[in-house]
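From a predicted model like this one, the values you see are computed outputs, not experimental measurements. The sequence lines fix the lettering, A, B, ..., with proteins before strands; numbering per chain opens at 1. Every heavy atom of this structure was used, including side-chain atoms; hydrogens, water molecules and symmetry mates were not.
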Number of protein chains: 4
Amino acid sequence: MIQIRTDLAIENREFYQEQNDGEVPGIKVEEEIEENYTITRVRIIDEIGSNHLEKPKGVYITIEVPKLKSADQDLKDEISQVVAKEIKGLGLSNEDTKTLIVGLGNWNVTPDALGPKVVDRVLVTRQYFVAYNKKRDETVANVAKISPGVMGLTGIETGEIVKGIVEKTKPDLVIAVDSLASRRMERVSTTIQISNTGIIPGSGIGNKRTGLNEEYLGVPVVAIGVPTVVDAATMINDTMDLIIGSMRKVARVGTEFYSTLERVSREDRYQLIKEVLEPYMTNVVVTPKEIDLIIDDLSIIIGNGLNMALHHGIELKDVNRYIR
Amino acid sequence: MIQIRTDLAIENREFYQEQNDGEVPGIKVEEEIEENYTITRVRIIDEIGSNHLEKPKGVYITIEVPKLKSADQDLKDEISQVVAKEIKGLGLSNEDTKTLIVGLGNWNVTPDALGPKVVDRVLVTRQYFVAYNKKRDETVANVAKISPGVMGLTGIETGEIVKGIVEKTKPDLVIAVDSLASRRMERVSTTIQISNTGIIPGSGIGNKRTGLNEEYLGVPVVAIGVPTVVDAATMINDTMDLIIGSMRKVARVGTEFYSTLERVSREDRYQLIKEVLEPYMTNVVVTPKEIDLIIDDLSIIIGNGLNMALHHGIELKDVNRYIR
Amino acid sequence: MIQIRTDLAIENREFYQEQNDGEVPGIKVEEEIEENYTITRVRIIDEIGSNHLEKPKGVYITIEVPKLKSADQDLKDEISQVVAKEIKGLGLSNEDTKTLIVGLGNWNVTPDALGPKVVDRVLVTRQYFVAYNKKRDETVANVAKISPGVMGLTGIETGEIVKGIVEKTKPDLVIAVDSLASRRMERVSTTIQISNTGIIPGSGIGNKRTGLNEEYLGVPVVAIGVPTVVDAATMINDTMDLIIGSMRKVARVGTEFYSTLERVSREDRYQLIKEVLEPYMTNVVVTPKEIDLIIDDLSIIIGNGLNMALHHGIELKDVNRYIR
Amino acid sequence: MIQIRTDLAIENREFYQEQNDGEVPGIKVEEEIEENYTITRVRIIDEIGSNHLEKPKGVYITIEVPKLKSADQDLKDEISQVVAKEIKGLGLSNEDTKTLIVGLGNWNVTPDALGPKVVDRVLVTRQYFVAYNKKRDETVANVAKISPGVMGLTGIETGEIVKGIVEKTKPDLVIAVDSLASRRMERVSTTIQISNTGIIPGSGIGNKRTGLNEEYLGVPVVAIGVPTVVDAATMINDTMDLIIGSMRKVARVGTEFYSTLERVSREDRYQLIKEVLEPYMTNVVVTPKEIDLIIDDLSIIIGNGLNMALHHGIELKDVNRYIR
């Protein structure tokens with residue numbers, strides 16, 4: 001079977017649609033198109049949808065912001081507010097919710113550092129709730145956070161660390177932030193995915209094998225991710241699709257060339273690419289040259305979004321007052 | 001009562017000896033003087049010693065290396081080996097021991113970042129033992145590590161995080177590395193304390209309230225610390241002792257001046273200093289200007305020491321091959 | 001002679017006033033007391049003043065903000081505006097001025113990193129003026145910047161690097177930002193000094209021997225500095241002054257004790273301190289434990305101040321839009 | 001004309017050979033194949049060679065080390081020694097040479113930070129030669145260094161900064177280290193290019209427009225570079241060449257398909273790729289996900305190589321003693 005490497009539900013859907021005609025069965029899709037961004041909410045409603053998209057049942061919200069790479073402060077602020085609204089819209093938190101934010105990924109690998117960097121931006125308050133034995137506060141909710149690292153850094157599965165902390169601190173909600181892989185370079189740094197399903201094993205660009213989800217942790221898990229890398233073979237294959245598509249338009253139907261092109265696309269061109277690339281570019285995962293800047297920007301956008309989503313007294317105008 | 005702020009057992013002993021004559025009751029002391037360093041092993045053997053030194057029973061090994069600040073590579077290597085030898089000498093680990101290294105402190109505050117920086121230098125191997133279901137290896141032992149941050153960063157007590165991880169990963173031994181406070185500026189960065197008692201509440205320069213010790217964690221806890229800060233009021237008071245001591249030598253016994261000096265030192269001069277300093281320098285904790293460099297050097301010295309102490313196949317000549 | 005280590009004109013003046021009665025001859029002083037801060041403008045008007053304060057003729061503006069250490073965003077913004085106003089008040093720049101900002105100090109030594117960190121915050125525009133061959137712009141002025149490092153990092157005198165760049169780029173004004181030494185711990189991070197005299201050799205906490213001043217560079221040089229370190233011996237001596245002052249109040253005039261205290265203070269007590277400290281604390285320069293945070297805050301305050309002072313189209317509300 | 005984006009002389013040569021048969025006229029090539037690496041020395045001897053390779057006359061030494069990405073310490077040490085030997089082999093330095101090392105690139109952009117990171121590793125000594133008015137030393141040569149930043153950081157052309165410093169400090173030799181672009185992902189981080197021609201305008205991945213060469217600076221300029229990025233369009237085009245090459249082998253000569261493939265490759269397939277990619281991936285430059293690690297490793301390898309090449313008393317065994 002032809003595979004693509006992606007963590008985005010909408011790309012799995014896109015891929016299905018390229019191979020088949022019509023919508024993926026077992027899902028419901030809702031699209032909201034605004035001037036600066038598009039929100040696509042893919043709801044996987046049954047096992048059929050789950051199998052087709054290779055993801056657990058739940059909702060996958062994708063915010064696409066084509067101009068995010070060169071965004072000015074107004075656009076960044078707007079997207080922070082969209083992120084806050086969509087997180088709140090999941091209906092998993094209110095003023096009394098105790099939340100644990102988990103920043104997944106390796107802080108020493110720039111494209112994998114989104115989680116830890118977002119976590120740096122979130123206002124934590126749990127210590128005051130504990131110290132003053134409080135249940136509720138007028139402006140802030142009970143929030144704790146951790147960046148557990150990756151197995152190569154700690155020797156411990158990320159899931160075990162998070163589960164150990166969940167057992168000790170008993171949050172009502174876990175929000176995990178992670179770097180993702182996309183099939184398309186143009187989605188890197190312009191797309192934010194929010195889901196209520198947690199993060200399943202094998203996802204992400206690192207090696208986090210244990211699922212961070214409600215089944216394992218015992219509390220709902222929201223996952224927020226942004227693609228920061230692309231698998232080179234997938235990118236090249238997709239580009240060849242575009243090229244061949246464009247060549248087909250000029251080739252006459254019925255000619256040998258046309259049928260060869262047709263045939264090739266059916267005969268696992270991806271396999272050919274893999275074979276050809278194998279000797280010199282095995283499993284190359286690439287990221288844009290400007291990745292440091294991209295990660296910085298995204299961590300502020302999502303961090304601000306989380307602060308507004310979780311702390312009822314924090315609005316856009318306050319967002320820089322509470323964090324460093 | 002006059003208090004001093006220190007985390008070093010030998011300074012508590014020193015202070016006792018300044019106030020009283022003779023050795024602290026309830027302890028045994030052993031000194032080993034080498035060309036480049038002195039090792040003092042203070043063994044608190046009963047409750048009396050424990051009360052006098054305000055520390056739990058156990059052994060406190062202090063390695064003092066006056067020239068460590070301007071050490072060349074040979075001296076650093078020598079001290080790494082001394083650290084390794086003293087850790088092994090505690091008799092708490094062998095080739096089969098599963099160890100969890102904990103780097104205490106705040107990585108954003110340079111003088112408090114020693115623990116996380118040492119942890120960066122330790123070779124972790126637990127993931128391979130788990131992946132290959134191994135019990136023992138020819139060259140390395142089973143080591144995991146974590147830098148849990150401080151409460152201000154995570155909203156969670158450090159002890160809770162460590163305990164959660166200990167319960168999940170079940171190590172045989174925990175080694176906690178931390179920055180300490182000393183009463184004397186000259187001990188900053190030249191003194192390493194190793195104990196088998198863990199770290200008691202209130203120690204360290206951060207806010208770690210839950211004790212990381214065998215009682216709480218259920219496994220033996222070795223604590224390794226280096227003073228990186230001095231409380232300004234303590235430092236000034238100690239300096240005034242020196243000054244007054246030197247003035248006494250020139251004042252004639254029996255004169256009013258002499259007796260005033262005597263009286264003053266008995267009448268809580270420290271309290272006076274505190275009162276005088278209060279308005280403009282409350283609780284100032286200082287660190288040398290060169291602290292970044294000091295932390296870097298110490299993290300390599302101790303990190304290398306830990307690698308040699310724990311991994312039976314790592315010797316001095318290999319120590320830079322295994323870590324970055 | 002008794003010496004103190006300070007880079008602040010107001011501390012030299014303070015020291016003069018402690019040793020003598022009345023105002024320093026050859027200077028004019030103007031004080032402006034606001035709710036949150038005090039501005040002292042010391043004008044050294046002739047050689048006599050220059051000798052007494054050991055500084056070249058010119059104006060030394062000191063902004064003291066006692067609450068700056070724990071400032072909220074409003075106070076930080078207020079001080080940024082004060083900094084901008086005082087820089088503009090020097091009358092050395094307008095919309096057509098070409099400015100070179102120089103961040104002095106060593107970026108690897110936290111208390112010495114203020115200059116490079118401020119420089120990171122300044123909006124540079126010279127490249128557009130050059131590219132479009134422009135003389136003037138509606139919103140921004142022509143600004144370039146450099147952090148030349150220190151001699152230990154480059155092997156080159158800082159002054160030579162700056163002079164080489166000044167000769168190539170021909171700015172109208174140089175603004176040098178540096179970390180300073182104070183005699184009092186409470187001034188660290190709460191005091192900003194702005195002068196129109198450049199930085200004379202031997203100032204600062206690093207080793208910058210060539211003066212960055214109009215004489216050497218050929219263009220006016222504004223110096224902006226904040227104390228980040230204190231010489232330990234100076235701090236202890238000053239504290240002893242306070243203690244002895246407080247003891248004097250209770251000693252009866254005419255007693256031997258009183259006269260001893262009097263005598264001691266005249267007989268170079270500082271020398272005694274130095275002698276006593278020598279064996280174990282030569283030239284210790286200390287900085288508060290929280291220096292990382294302090295430097296971060298100050299670099300934003302001063303960086304924002306510079307952007308508002310130099311770029312006529314940048315106001316407080318825009319200040320975070322132009323820089324990262 | 002079809003263009004490729006590369007800074008490597010051997011890739012320009014490779015490209016010529018793909019388009020034409022036989023060797024590039026006007027150059028001399030020498031290859032040395034060792035177990036772990038291959039050295040190719042391309043000498044451009046006249047204008048014809050210079051035009052064909054689009055590079056100035058001089059020697060371009062390429063060290064290719066396929067296993068460098070996963071190198072152990074022994075291989076890294078071996079390559080450091082090869083780098084040292086090749087730099088010395090250029091015959092531009094001896095024990096009396098005053099060298100200025102220039103680290104080109106932007107330290108905030110990981111794939112562009114190689115120059116500044118290498119510079120961090122070089123032992124500088126000029127300050128001692130100046131302070132003691134020395135001409136020669138038994139173990140070290142006179143070395144200074146600077147990382148001038150990029151125009152976007154400083155507002156000043158890199159060349160102007162370097163020239164200003166060269167005029168003030170009068171070195172005999174400049175060695176510039178920079179990140180390069182390659183056409184092939186497999187060359188990223190496995191290939192080191194050393195030339196005696198300086199760096200010509202437009203090279204590198206940043207924006208350094210003024211040439212750093214003997215003509216501009218007045219002293220010989222050695223350039224050391226490593227590819228850290230690949231232009232996505234170039235990479236895709238090269239991959240399609242491989243794919244089509246592999247498809248040609250199975251297509252019968254004389255069929256329409258074969259001739260179409262032939263035709264396409266002649267009819268500027270690259271242009272087609274560019275057009276197809278344009279809407280969604282203009283000028284995407286990619287780097288491997290592991291770039292942080294790659295830059296760290298390379299900066300040690302090249303930094304050690306430079307220290308051994310320049311300082312006659314530094315051998316491999318000492319190389320970690322002199323630098324941090």
Side-chain angles (χ1 to χ4, degrees), chain C residues 98-103 106-109 116 119-131 134 137 140-171 174 206-210 216-217 310-311 323-324, chain D residues 98-103 106-109 116 119-131 134 137 140-171 174 206-210 216-217 310-311 323-324:
Chain C
K98 292 188 281 177
T99 305
L100 174 67
I101 314 282
V102 178
N106 185 342
W107 44 78
N108 292 331
V109 174
V119 152
D120 281 352
R121 295 274 168 181
V122 175
L123 176 69
V124 288
T125 54
R126 182 179 173 275
Q127 66 272 38
Y128 308 116
F129 283 81
V130 170
K134 265 186 136 176
D137 180 85
V140 294
N142 183 326
V143 174
K145 65 184 183 185
I146 190 90
S147 289
V150 295
M151 221 197 202
L153 290 176
T154 60
I156 311 171
E157 283 226 17
T158 306
E160 289 181 288
I161 296 175
V162 176
K163 180 146 192 175
I165 294 168
V166 165
E167 286 176 2
K168 288 283 152 228
T169 64
K170 305 202 187 310
V174 166
N207 287 306
K208 302 126 210 155
R209 289 165 234 176
T210 314
Y216 180 60
L217 296 181
L310 298 175
H311 298 301
I323 55 165
R324 302 190 53 78
Chain D
K98 292 189 281 177
T99 306
L100 174 66
I101 313 282
V102 178
N106 185 341
W107 44 79
N108 293 330
V109 174
V119 152
D120 282 350
R121 294 276 169 181
V122 175
L123 175 70
V124 287
T125 54
R126 182 180 172 275
Q127 67 270 41
Y128 308 116
F129 283 81
V130 170
K134 264 186 138 177
D137 181 85
V140 294
N142 184 325
V143 174
K145 65 184 183 184
I146 190 90
S147 288
V150 295
M151 222 195 200
L153 289 176
T154 60
I156 311 170
E157 283 225 18
T158 306
E160 289 180 288
I161 296 175
V162 176
K163 180 146 192 177
I165 294 167
V166 165
E167 286 175 3
K168 289 283 152 227
T169 63
K170 305 204 186 311
V174 167
N207 287 306
K208 300 130 211 152
R209 286 165 238 176
T210 314
Y216 181 61
L217 296 181
L310 298 175
H311 297 302
I323 56 166
R324 301 190 55 78

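Across D:S147, D:G152, D:G155, D:P148, the residue that shares the most heavy-atom pairs under 4.5 angstrom with chain C is D:G155. Counting heavy-atom pairs closer than 4.5 Å to chain C, the top residue among D:E167, D:K163, D:R126 is D:R126.
C:T154 OG1 to D:I146 CD1: the interatomic distance, rounded to the nearest 0.5 Å, is 5.5 Å.
Of all non-hydrogen atoms in C:I156 and D:A144, the two that sit nearest each other are CG1-CB, 3.7 Å. Between D:V124 and C:L153, the closest heavy-atom pair is CG2-O, 3.8 Å.
With a 4.5 Å cut-off on non-hydrogen atoms, C:E160 touches chain D through its backbone and its side chain both. Neither the backbone nor the side chain of C:T125 comes within contact range of chain D, judged by heavy atoms closer than 4.5 Å.
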